[in-house]
Amino acid sequence: MQIEQLYREVVLSHNKAQKNRRHLANASVSEHGVNPSCGDDITLELEITSDHRIRDISFVGSGCAISQASASILADLVRGKSVLEAKELFDLFFQMIEGDEADPRLLEASVFSAMAHMPARIRCAVLGWRTLEKALAPYWNEERQEPR
Amino acid sequence: MYNNPYRGDFPIFDDTGLIYFDSAATSQKPQSVIDAMRKYYEHANANPHRGLYSLSAEATRLYERGREAFASFINAGDPRQIVFLRNATEALNLLAISYGASVLAPDDEVVIPISEHHSNLVPWQQVCKRTGARLVYLYTNEKGGIEDKEMEKITARTKIVSFAQVGNVFGLALPAEKIITKAHAVGAVAIVDCAQSISHMPVDVKALDCDFAVFSSHKMFGPTGIGMLYGKKEMLEKLAPLLTGGDMIEYVSEQETTFAEIPQRFEAGTQDVAGVVGLTSAIAYIRALGYPAIEKWEGELTSYCLEKLSVLPWVVVYGEAEATGRRFPLITFGVEGIHPHDVATLLDTEGVAVRAGHHCAQPLMRHLGVQATCRVSLSVYNSKEEIDTLVDALVRVRRIFGYAD
Ligand SMILES: Cc1ncc(COP(=O)(O)O)c(C=O)c1O
């Protein structure tokens with residue numbers, strides 16, 4: 001019943017997390033991600049400070065509950081973090097999706113560990129994270145070249 | 001547990017509570033089909049058409065017997081009018097690439113309904129791009145039917161009309177005779193995709209008078225890996241082979257090859273004899289059940305399912321049988337407020353397998369204005385009790401999503 005549990009939690013946070021579903025006034029990056037086969041569609045907006053911190057993050061889009069909730073939970077998780085901390089969470093999330101024990105730092109996002117048993121839906125759960133990766137890749141590269 | 005005379009024929013249901021509602025994607029296989037294929041490998045396996053020894057002769061005989069069985073099953077007249085391929089998609093590709101590319105010129109048109117499966121859409125779209133021809137769509141109305149006004153798009157410019165006899169989204173039959181007559185009246189070639197229809201209704205290609213028809217064995221209780229192309233003899237004679245190599249030749253010299261007669265000309269390389277043996281057995285299974293019995297059982301299930309779903313105000317069913325039309329056991333629906341993928345995932349946790357997504361018909365989904373839908377497709381092994389389980393499970397899904405229905 002892990003999957004039903006996932007839905008109960010996902011749906012709850014999904015409903016409550018309408019606060020993350022909005023546009024940012026001062027977005028520095030906006031990145032679009034889609035799952036063409038399911039029609040999941042997400043745009044992440046990030047406000048990134050000059051010292052590479054995610055001051056705010058939001059999303060808009062449509063799709064299944066898993067894709068939307070995952071994006072919303074992601075926004076809560078990386079808000080206020082540096083881009084490198086976000087990278088760590090990104091890696092932890094994918095390790096969990098591939099079957100590793102969920103790291104405590106993943107907080108609410110650890111409900112998606114159930115995805116390891118739902119190969120057909122992994123794309124939905126990772127859409128937000130894949131979009132985040134595209135949004136942050138330039139920052140990650142920059143950090144790699146000249147670490148602060 | 002189930003009041004169903006056919007379920008026991010299908011070993012996949014033996015010791016599982018599986019509720020399989022995706023027969024339009026592929027049907028389950030009766031024991032007789034599985035046994036026939038195993039027996040072939042245990043007792044008769046050899047390369048057909050190649051060996052001069054008796055085992056190869058036996059494999060050849062079984063393969064050709066399958067061709068005869070299928071020809072007579074669809075009233076093709078001559079078994080040589082049946083080509084074995086991998087699936088309906090391959091047959092449609094052969095037609096698009098080989099026939100389409102040879103007749104289409106800029107400003108010619110290919111006409112298909114918007115409700116077509118991608119396999120009867122993308123090959124035409126691609127050949128149109130290559131040849132400069134136009135792909136023209138017949139749009140469905142809100143009931144899923146095609147109005148006479150749309151049929152006027154079949155004109156003197158039309159070279160090919162291709163359509164599914166029964167669609168895989170609405171579960172409705174298109175007026176095949178009418179479309180074919182119209183196509184012929186303007187001098188176009190008519191192709192019928194019978195992938196969905198043949199498991200529910202008899203197909204008579206002579207009565208239809210279509211030029212080509214395509215089928216997939218795996219949707220009619222047979223194995224995967226076998227598709228069938230029917231063609232009028234003069235049409236097949238005109239068709240260039242797509243694949244060349246062994247078995248499809250008559251004579252090969254260093255620089256030239258003459259091809260074998262139809263249908264061998266289209267069957268390059270070692271063929272799937274076990275698959276054809278399985279198909280032969282599947283045809284015997286359908287014949288033994290009889291279409292009237294299939295139609296009766298599936299018809300009752302379909303009415304029951306529609307009736308049960310109609311009680312749920314938050315379920316919307318797409319497509320509606322026209323006054324004269326028959327509703328095939330394929331029901332596409334949406335659950336208000338819940339994405340179809342979420343519905344399917346949660347139904348799966350209750351052992352109910354439904355399809356969710358675009359059903360390989362993205363242009364149709366766009367035409368309907370939806371991203372995706374759920375689909376229940378039924379076969380003889382389904383029962384009313386399973387539909388009750390589906391309905392209960394749908395109610396649960398709505399509760400999980402916080403609806404207090
Ligand atoms: C109407 C229709 N045509 C063609 C196909 C393609 O069949 P196959 O995948 O066996 O080639 C399908 C299968 O879903 C179908 O429903």
Side-chain angles (χ1 to χ4, degrees), chain A residues 1-19 21 32-43 59-73 97 108 111-131, chain B residues 17 21-22 25 117-119 121-122 169 314 318 332 334-375 389 392-405:
Chain A
M1 270 302 80
Q2 224 183 336
I3 289 167
E4 199 178 313
Q5 184 64 20
L6 165 86
Y7 267 95
R8 290 193 186 280
E9 293 184 28
V10 152
V11 168
L12 264 182
S13 49
H14 182 51
N15 290 345
K16 133 188 127 199
Q18 294 300 327
K19 66 177 196 313
R21 188 185 281 283
H32 186 213
V34 287
N35 282 330
S37 65
C38 351
D40 294 337
D41 182 306
I42 272 174
T43 302
F59 79 101
V60 291
S62 61
C64 68
I66 292 182
S67 69
Q68 303 299 299
S70 182
S72 178
I73 290 170
I97 291 290
E108 214 189 350
V111 292
F112 295 106
S113 60
M115 287 295 152
H117 312 290
M118 300 160 67
R121 303 299 304 279
I122 284 181
R123 269 180 318 204
C124 313
V126 305
L127 176 62
W129 291 91
R130 286 269 172 237
T131 312
Chain B
F21 283 149
D22 199 17
H117 190 279
H118 289 163
S119 65
L121 188 159
V122 184
V169 175
W314 34 265
Y318 298 97
T332 292
V335 175
E336 205 181 287
I338 310 178
H339 193 282
H341 287 172
D342 296 323
V343 175
T345 294
L346 284 165
L347 291 180
D348 184 47
T349 65
E350 314 234 351
V352 180
V354 304
R355 181 84 185 269
H358 50 63
H359 315 300
C360 299
Q362 288 178 2
L364 175 63
M365 294 292 122
R366 235 161 273 136
H367 178 60
L368 292 175
V370 294
Q371 285 281 6
T373 59
C374 300
R375 183 182 75 185
T389 305
D392 292 346
L394 285 172
V395 169
R396 254 173 81 76
V397 171
R398 282 275 291 187
R399 288 222 189 95
I400 291 172
F401 267 74
Y403 292 95
D405 299 312

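Given the structure is predicted, the values throughout are model-derived calculations rather than measurements. Throughout, protein chains are lettered first and strands after them, A, B, ... in sequence-line order, and every chain is numbered starting at 1.
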Taken to the nearest 0.5 Å, the spacing of A:Tyr7 OH from B:Thr349 OG1 works out to 9.5 Å
Calculate, to the nearest 0.5 Å, the distance between atoms CD1 and CG belonging to A:Ile3 and B:Leu346 respectively.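 The CD1 atom of A:Ile3 sits 8.0 Å away from the CG atom of B:Leu346.
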Shortest non-hydrogen separation from A:Glu4 to B:Ile400 and the atoms involved: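 Residues A:Glu4 and B:Ile400, closest heavy atoms: CG-CD1, 3.4 Å.
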Under 4.5 Å from any heavy atom of chain B - which part of A:Asp40: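 The answer is the side chain of A:Asp40.
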Side-chain (B:Asp342) to main-chain (A:Cys64) donor-acceptor, under 3.5 angstrom: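 Such a contact is absent between B:Asp342 side chain and A:Cys64 backbone.
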Are B:His341 and A:Ile66 close enough, and set up right, to give a side chain to side chain contact (heavy atoms under 4.5 Å, CB included), and what steps lead you there? CA-CA 9 Å; B:His341 287 172; A:Ile66 292 182; over 6 Å; no
